[in-house]
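Order of the sequence lines sets the chain letters (A, B, ...), proteins ahead of strands, with each chain counted from 1.
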Amino acid sequence: MVLAHDRETRRIEINEKDGETAARAFLGVGRREGRDEVGDVTRYVTRRLLAAGAQLLIITFVAYALFFLIADLTGASPAQRVAGKGATPARVREIAHIMGVDRPWYAQYVHFVDRLARGDLGYSFQRRQPVSDIVFPAAGVTSSLVVGAAAVWLVIAIFVGLVGALRPRSLIDRVLTIGVQTSIAAPVFWVAPMLSFLLAYQPTQGKLLGISLGRRVDWLPIGGYVGPIASPLQWALHLILPWFALAIGFAALYARFVRAFVLEQFSEEYVKTARAKGASEWRIIRRHIGPLVAPAIVTLLGLDVGVALGGALFVEQVFGLPGLGYVGLSSIQNLDYPLTVGTITFAALVAVAANAAADLAQAMLDPRVRAG
Amino acid sequence: MSADRVRKEGWTMVKHRQAYRSRRLLVVSALLLVATVVVGAARSRPTTTQIVSATSAHFAVPSGSIDHLDPGLWYFASTWKLSLATCTPLLTYRDVAGNAGKVVVGGIAALPKVTNGGRTYTFQIKPGLKFPDGKPINAAVEKATFDRLFGKKLASPAVGFFNVITGSQAVADGTAKSVSGITAKGNTLTVHLTSPVGSFEKRMTVPWTCPVPTGSPAGATENGSLLVSGPYVVSKYVPDRSLVLTRNPAYNAKQLGDRGHFDTLNIDIGVDASQAELQIKAGQLDGYLDRLPAASVNQDLTDPALKGRIFLNPTPSVSYLWMNNDVAPFNNAKVRQAVNYAVNRNAILRVWGGRSQGQITDQILPPTMGGFHDVQIYPANGDLTKAKALIKASGIKLPVSTTLRTRSDAPGFLQMAQAVQSELKAIGFNVSIKSAPDSVNGGVISTRASKVPMGINNWTQDYPDGDDFFLPLLDGEKITPTNNNNYASFNNPSVVRQINKNIALLGSARDQAWVSLDVSTMRNFAPWAPLNNPTWVDLISSHVSGYVYTPVYGLDLTTLRPK
């Protein structure tokens with residue numbers, strides 16, 4: 001009888017092309033029987049979804065508690081804000097009752113959870129429309145921004161990371177490392193207006209990075225947003241700078257990770273074996289190291305979606321994108337707490353879902369995870 | 001070399017060549033794609049930021065600039081600026097700059113006939129005025145507009161301005177449905193007042209008096225459908241995102257003036273001031289309806305390329321440090337005077353943004369007010385010796401620990417607070433600063449029980465009259481427990497008496513009386529330390545002409561024309 005591990009190792013010897021098998025062999029995990037695997041995945045998915053639900057409840061509870069704590073400490077009154085400066089105290093009380101903000105905060109929270117369970121995010125005090133009517137279109141804008149930025153940062157990171165790993169300590173590696181360090185140090189609230197000024201505004205004045213273009217060029221808009229259905233080209237043009245503004249910092253972090261990971265793998269036995277069998281560096285990366293780095297990147301990506309939503313707030317503000325960050329900020333300024341909590345809930349839902357999706361994807365890519 | 005080997009190597013070469021060709025094809029395709037996008041990008045101009053046609057203009061405002069689109073509720077300066085384009089009040093001002101722009105002229109109605117010792121105003125609604133649905137605008141419509149304004153369901157801020165109309169309070173209290181002091185017959189609207197008010201005509205110019213169709217909902221209508229009496233109507237409104245105004249087909253230019261020269265006004269909501277400034281200079285935006293950043297403005301003012309496109313104007317507003325008369329030691333007039341001597345107004349103006357952003361003042365009324373004359377009551381650079389002497393004379397114990405509240409969501413306020421904090425240290429005051437967005441800060445300081453010792457705020461007139469400063473801000477009889485605008489809780493019987501005397505005055509005697517009260521109040525009681533009168537900078541694109549800065553509402557959207 002041949003042990004799974006031995007069997008898989010032998011398969012490597014037989015066929016070095018099978019990268020997935022090589023990865024499994026490296027991890028010491030063989031393919032299990034289909035029936036067990038389905039059970040594992042079901043258990044894992046259930047566990048993960050329950051955890052996601054609990055996370056969501058905690059986040060909304062904390063958001064609610066904080067909002068009311070701050071309002072209590074500062075004396076801010078949403079009803080007074082809605083009533084306007086000319087309203088009498090009696091009118092403010094009346095509006096507070098209509099809005100339901102005269103009840104204890106925990107009672108309001110229970111009401112909120114009850115509504116949330118039925119898919120109702122509430123009603124905006126300031127805009128006088130259902131929160132979902134505001135949050136969903138905004139979420140579309142933020143998704144355009146975050147997903148696009150993630151694609152940009154992955155492409156940059158993989159390219160820069162691999163170049164650095166393939167030519168370690170070379171001139172190009174050193175230049176890229178300096179670029180990476182600089183990008184990590186550059187905050188998004190500085191990068192965004194600089195990109196807008198240098199690459200969108202200056203060309204309209206006939207300059208690019210201080211060099212004369214000879215004529216005015218309107219190639220990228222300074223701000224604003226166009227929906228992808230209205231005009232896919234304008235949608236992309238309006239988002240190019242926001243994507244890069246949001247992606248630069250992440251790209252640098254990911255590039256550093258990819259470079260370190262790939263370099264580490266180059267010294268592993270299975271890579272040496274593949275090299276000995278005549279596989280090119282590119283093939284080793286594509287077929288052997290790639291399947292190993294993918295789960296790690298997917299995990300990072302899942303975690304970073306939440307972080308990117310925070311960064312998106314600045315980018316949306318600078319480029320005038322009507323996304324979740326913009327909506328959330330404006331709702332806080334207007335003490336519109338159904339909208340604030342609705343935005344936080346939705347953003348939390350996205351972050352939690354992204355985490356869960358990343359975990360599930362990782363489980364698909366990495367059998368050790370689903371085995372618990 | 002065997003034949004097999006040759007065949008094998010030959011096949012390998014073919015495979016390599018094929019791979020090379022397909023790689024080359026891929027690279028060429030990618031380059032073509034990139035070139036197409038770049039060329040397309042360079043040729044096409046973005047739809048959101050482009051001047052769509054010769055008769056379309058494109059403006060922007062920051063997030064939260066539009067408080068309401070119901071003409072009974074709006075109160076923000078930015079929405080009143082839009083009112084010039086979207087509605088016509090009962091009375092109005094000419095669309096011109098300078099003092100001529102402060103003269104009241106007919107709006108929906110001609111100037112009224114005043115009888116009964118200033119207690120009865122008879123307005124003639126102009127003939128031939130219609131709403132877009134073809135229904136006439138007559139006296140009954142205007143009366144219904146006032147009945148709606150006072151209704152409990154609307155909770156309009158207008159109530160405090162118009163409660164001098166007989167029977168208005170009963171409607172506001174819910175004991176009557178119609179204002180008994182307003183009668184309508186054909187095109188004649190008669191308004192009876194409980195007592196004469198010299199500024200009543202000016203009060204009738206505020207955009208709350210814009211007529212709304214009979215049968216309009218009693219509660220708030222925020223989709224802009226009630227803005228139907230100006231040269232433009234709201235054709236699309238996405239809250240906090242965009243507003244599109246198109247020509248009002250029923251607008252009677254013969255009666256109401258040839259106003260509005262673009263077919264469409266597009267207004268983007270939520271545009272950052274710094275980005276807006278770049279977009280205007282790049283020709284992607286025609287103007288910004290809010291404050292532009294001070295640092296950029298200072299540069300732009302000296303840019304020869306922007307000559308004729310950048311305008312610096314005085315505003316009818318005052319930024320002031322108020323001191324709460326309910327709270328020690330500011331319940332002592334000598335302490336308040338000492339603070340006025342201690343602050344260096346020039347230094348505070350520098351942190352506010354410099355000379356392009358305002359001019360220093362030690363008076364309550366702004367220089368734009370009729371009859372204003374500049375009286376130097378307190379030294380511009382401060383006088384610490386005099387301040388210390390007054391503190392000594394006040395008998396208070398030093399050091400004093402106190403708190404100053406201001407807003408954090410508008411540039412300049414926190415910086416002014418820090419300058420005041422540093423200057424008051426010299427007279428033994430340890431000031432701690434608390435800042436919060438206006439939505440929070442405003443609620444705290446307008447609640448009298450909060451007993452906030454000091455704060456920095458700004459007040460902009462609703463109409464050009466002294467009573468719009470003294471009544472809401474410094475009349476002790478108008479202090480309310482909540483929603484109080486008299487943050488200083490200043491209640492001086494002699495000042496209240498003088499306010500009540502001034503209210504009935506008319507013409508230049510009235511203007512002089514307010515200016516005298518301003519000077520005497522600041523000299524003797526110093527409820528505030530007025531700091532500066534902010535200026536306003538407008539930057540417009542090279543696509544538009546006809547810029548007019550009206551002294552009441554600022555940039556006039558109805559005078560702009562395509563170039």
Query raised in the report: Does CZ in A:Phe244 sit with more than 12 non-hydrogen atoms of other residues, nucleotides or ligands closer than 6.0 Å?
Result: no
Requested in this report: Output the option from A:Ala236, A:Ser196, A:Gly320 having the highest count of non-hydrogen pairs under 4.5 Å with chain B.
Outcome: A:Ser196
**Report entry** Heavy-atom contact with chain B under 4.5 Å, split by part of A:Glu316
**Finding:** neither
Requested in this report: Please say whether more than 12 non-hydrogen atoms of neighbouring residues, nucleotides or ligands are located less than 6.0 Å from NZ in A:Lys207.
Outcome: no
**Report entry** N/O donor-acceptor pair under 3.5 Å between B:Gln284 side chain and A:Ile222 backbone
**Finding:** yes
Report task. Could you check which of B:Gln275, B:Lys152, B:Glu222, B:Lys434 has the highest count of heavy-atom pairs closer than 4.5 Å to chain A? Result -> B:Gln275
Query raised in the report: What is the distance from atom CD of B:Gln279 to atom OG1 of A:Thr204, rounded to the nearest 0.5 Å?
Result: 10.0 Å
Query raised in the report: So which heavy atom on A:Gln205 is nearest to which on B:Lys281, and how close?
Result: NE2-O, 3.5 Å
Report task. Please flag which part of A:Ile332 lies under 4.5 Å from any non-hydrogen atom of chain B: side chain, backbone, both or neither. Result -> backbone
Report task. Name the region of B:Ile269, side chain, backbone, both or neither, that has any atom closer than 4.5 Å to a heavy atom of chain A. Result -> both
Report summary line: Turns out that what part of B:Ser450 lies under 4.5 Å from chain A's heavy atoms comes down to neither
Query raised in the report: Does B:Arg448 have any salt bridge (Lys or Arg N to Asp or Glu O under 4.0 Å) partners at least two apart in sequence or in another chain, and if so, which?
Result: B:Asp326
Query raised in the report: Got more than 12 heavy atoms from elsewhere within 6.0 Å of CZ, A:Phe314?
Result: no
**Report entry** Residues forming a ring pair (Phe, Tyr, Trp, His ring centres under 6.0 Å) with B:Phe146, sequence neighbours excluded
**Finding:** B:Phe162
Requested in this report: Check the surroundings of atom CD1 in A:Ile229: do more than 12 heavy atoms from other residues, nucleotides or ligands lie under 6.0 Å from it?
Outcome: no
**Report entry** Portion of B:Asn441 that has a non-hydrogen atom of chain A nearer than 4.5 angstrom
**Finding:** neither
Query raised in the report: Does any heavy atom of chain B fall under 4.5 Å from the side chain of A:Gln317, the backbone, both, or neither of them?
Result: backbone
Query raised in the report: So, A:Tyr326 side chain and B:Asp240 main chain: donor-acceptor pair closer than 3.5 Å or not?
Result: yes
Query raised in the report: Above 12 or not: heavy atoms from other molecules or residues under 6.0 Å from CD of B:Gln299?
Result: no
